[in-house]
Novice: 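Can you keep this structure in mind? I'll have questions shortly.
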Protein chains: 2
Amino acid sequence: MPSVESRATRRTDPLSRDRLVQTAIEILDTDGEDALTFRSLAARLTTGPGAIYHHVASKSELLRAATTVVVSSAVDGARTPGEPLDTVRALALAVFDAIDAHPWVGTQLTREPWQLAVVQLFEAVGVCLQEYGVPKHARFDAVSALVNCVLGSAGQYAAAARLLPRDTDRALVLRGIAREWERLDPSDFPFMHAIAAGLDEHDDREQFLAGVDLVLAGIRTIR
Amino acid sequence: MPSVESRATRRTDPLSRDRLVQTAIEILDTDGEDALTFRSLAARLTTGPGAIYHHVASKSELLRAATTVVVSSAVDGARTPGEPLDTVRALALAVFDAIDAHPWVGTQLTREPWQLAVVQLFEAVGVCLQEYGVPKHARFDAVSALVNCVLGSAGQYAAAARLLPRDTDRALVLRGIAREWERLDPSDFPFMHAIAAGLDEHDDREQFLAGVDLVLAGIRTIR
DNA sequence: ACCTGAACACCGTTCAAGT
DNA sequence: ACCTGAACACCGTTCAAGT
C-alpha cells in the first residue's frame with residue numbers, strides 16, 4: 001500500500017498533520033500566540049474545528065509539534081564540526097535566533113519539560129561537552145546548566161516580545177524600562193539605578209551570548 | 001481617617017486586594033494553577049466574580065501580585081551578610097525552594113518580563129556581584145546570566161511539577177523518563193542514552209546548584 | 001475513514017442593577 | 001463606594017450526523 005500514495009496528489013483539500021502544523025506556524029508567526037485557535041486554524045483550512053482532532057490529539061500536541069519543527073532545524077543547522085565549545089555557542093545562538101524569529105517557541109519551550117525539542121538541544125550540547133572532555137560525572141550537570149540558561153533567556157525574551165506585538169521602537173521601549181527602574185527607591189534598588197543609565201546601548205543577543213560564555217568559562221575550569 | 005481603620009474589624013466580609021492575593025495563593029498551592037479562576041476565587045470569598053475587579057485590574061495583575069509576595073519573602077530571607085558569592089548561592093536556592101513549594105511561581109516568573117519579583121532578584125544578585133568586585137562593564141551581563149539560569153530551571157521545574165499534580169512517586173517518574181530516552185534511536189541520541197542509565201540518583205536541587213556554581217566559576221574567571 | 005459544525009462546559013471580563 | 005450575578009464574547013473539546 002505505501003507505494004500507492006502519490007506526493008503529487010497534494011490538492012488543496014486533504015488535511016494532514018503536517019499541513020496542520022505548517023498552518024499553525026504561519027498563524028503563530030504572523031498573528032501571535034493568542035491568534036492560534038482551533039477555530040482560526042480550521043477557518044484558514046476551510047473546515048470545522050472538529051476536523052483537526054482527526055490528525056492531532058490536542059492543542060498542546062499541535063504546539064509541541066510546531067516547536068519541534070522550528071527547534072530541530074535550528075539545532076541541525078548549527079551542528080557543525082569544529083571546536084566543540086564553539087559548536088555549543090553556535091547551538092545556543094541558533095536557538096536564540098529561532099526564538100527571535102518565532103517568539104512563541106520561547107513560551108512553548110518553557111511550558112513542557114522533556115519535550116522532543118529540548119531533548120534534541122540537550123543531545124547536541126551533550127555530545128559537544130563530551131567531545132571537549134568534560135568528565136563523565138560533571139557532564140549531565142554542565143549540559144543542564146547550559147540548556148537552562150538558554151531556556152531562561154528564551155522565556156524572558158519571548159515574554160518581552162509578547163508585550164510588544166508589532167515592531168515597536170526598541171530604543172523607546174528600553175527608555176521606558178529605564179524610566180521605571182529610575183522610579184524605584186534608590187536606597188532599595190541601587191543596582192537597578194546604576195544599570196538604568198547604560199540601558200540605551202543594550203543588546204539582548206550580545207547579553208545572551210555573554211551569559212553562555214560565562215557558563216562555558218565555568219565549564220573550562222573543570223578541565 | 002487612617003487612624004479610624006481597626007485591624008480587629010476584619011470580619012469575614014470586607015474584600016481587599018491583600019485578601020484576594022492571599023486566597024489566590026491558597027488556591028494555587030492546594031489545587032494547582034488551573035484551579036484559580038475568578039469564579040472559584042469569588043466562590044471561596046462568597047461573592048460574585050465581578051467583585052474582584054474592584055480591587056484588582058485583571059487576572060494577570062493578581063498573579064503578578066501573588067508571585068511578588070512569594071518571591072519577595074524568599075529573596076529577603078536570603079539576603080544575609082557574608083561572602084558575596086555565598087549570598088548569591090543562597091539567593092538562588094531560596095528562589096528554587098520557593099518554586100518547589102509553589103510551582104505556579106515558576107510559570108509566572110517566566111511569563112512576564114521585568115515584573116517586580118524579577119527586579120528584586122536582579123537587584124539582590126547585582127549588589128552581591130558588585131560587592132564581590134565584578135568589573136562594572138561585565139556586571140549587567142553576569143547578573144543576567146545568573147538570573148536567566150535561575151529562571152530557566154524554574155520554568156523547567158514548574159513544568160515538570162505541573163505534569164504530576166499530586167505527590168507522585170519520584171523514582172517511578174524518573175524511571176519513566178529514562179525509559180523514554182532509551183527508546184530513542186541510540187545512533188541519533190548517544191548522549192541521552194548515556195545519561196539515562198544514571199538518572200535514578202538524580203536530584204533536581206543538586207543539579208540546579210551545580211548549574212549556579214558553574215556560572216559562579218565563570219564569574220570568578222573575570223576577577 | 002474523514003469531515004462537519006452545532007453543542008457542551010468552561011473561561012475572563014463587563015455592566016446594569018442593587019445596597 | 002462596593003458588591004452582585006447575569007450576560008457577552010470567547011475558548012478547547014466532543015459527538016451525532018453526514019459523505
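Note: hydrogens, waters and symmetry copies are ignored here, and every other heavy atom, side chains too, is used. Because the structure is predicted, anything quoted here is derived from the model rather than measured. Naming: A, B, ... by sequence-line order, numbering from 1 per chain.
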Novice: In B/S/- notation, 5' to 3', how is nucleotides 6-19 of chain D contacted by protein heavy atoms closer than 4.0 Å?
Specialist: -B---BBBBB----
Novice: List the residues meeting side-chain contact (heavy atoms from CB on, under 4.5 Å) with A/Arg44, not counting sequence neighbours, and say none if there are none.
Specialist: A/Thr23, A/Glu26, A/Ile27, A/Thr30, A/Asp31
Novice: Walk me through whether B/Tyr157 and B/Asp204 qualify under side chain to side chain donor-acceptor pair (under 3.5 Å).
Specialist: CA-CA 8 Å; B/Tyr157 193 82; B/Asp204 279 320; 4.9 Å; no
Novice: Classify the ring geometry of B/Tyr53 against B/Phe38: parallel below 30°, tilted from 30° to 60°, perpendicular beyond 60°.
Specialist: tilted
Novice: Using a 3.5 Å cut-off on both pairing distances, which stems of three or more Watson-Crick or G-U pairs include DNA chain C?
Specialist: C:4-8 with D:12-16, C:12-16 with D:4-8
Novice: A/Glu206: which residues meet the side-chain contact (heavy atoms from CB on, under 4.5 Å) condition with it, sequence neighbours left out?
Specialist: A/Asp203
Novice: Identify, with sequence neighbours excluded, every residue that meets side-chain contact (heavy atoms from CB on, under 4.5 Å) alongside B/Thr37.
Specialist: B/Arg39, B/Ser40
Novice: Has A/Thr110 got a side-chain atom pairing as donor or acceptor with B/Gly155's backbone, closer than 3.5 angstrom?
Specialist: no
Novice: Check the phosphate of C/dC3 against A/His55, side-chain N and O only, distance under 4.0 Å to OP1 or OP2. Yes or no?
Specialist: yes
Novice: A/Leu116 pairs by side-chain contact (heavy atoms from CB on, under 4.5 Å) with which of A/Val71, A/Leu121, A/Thr68, A/Thr67?
Specialist: A/Thr68
Novice: From CZ of A/Arg17 over to C1' of C/dC2, roughly how many Å is that when rounded to an integer?
Specialist: 17 Å
Novice: Any salt bridge (charged side-chain N to carboxylate O under 4.0 Å, His left out) pairs touching residues 141-159 of chain A, not counting sequence neighbours?
Specialist: none
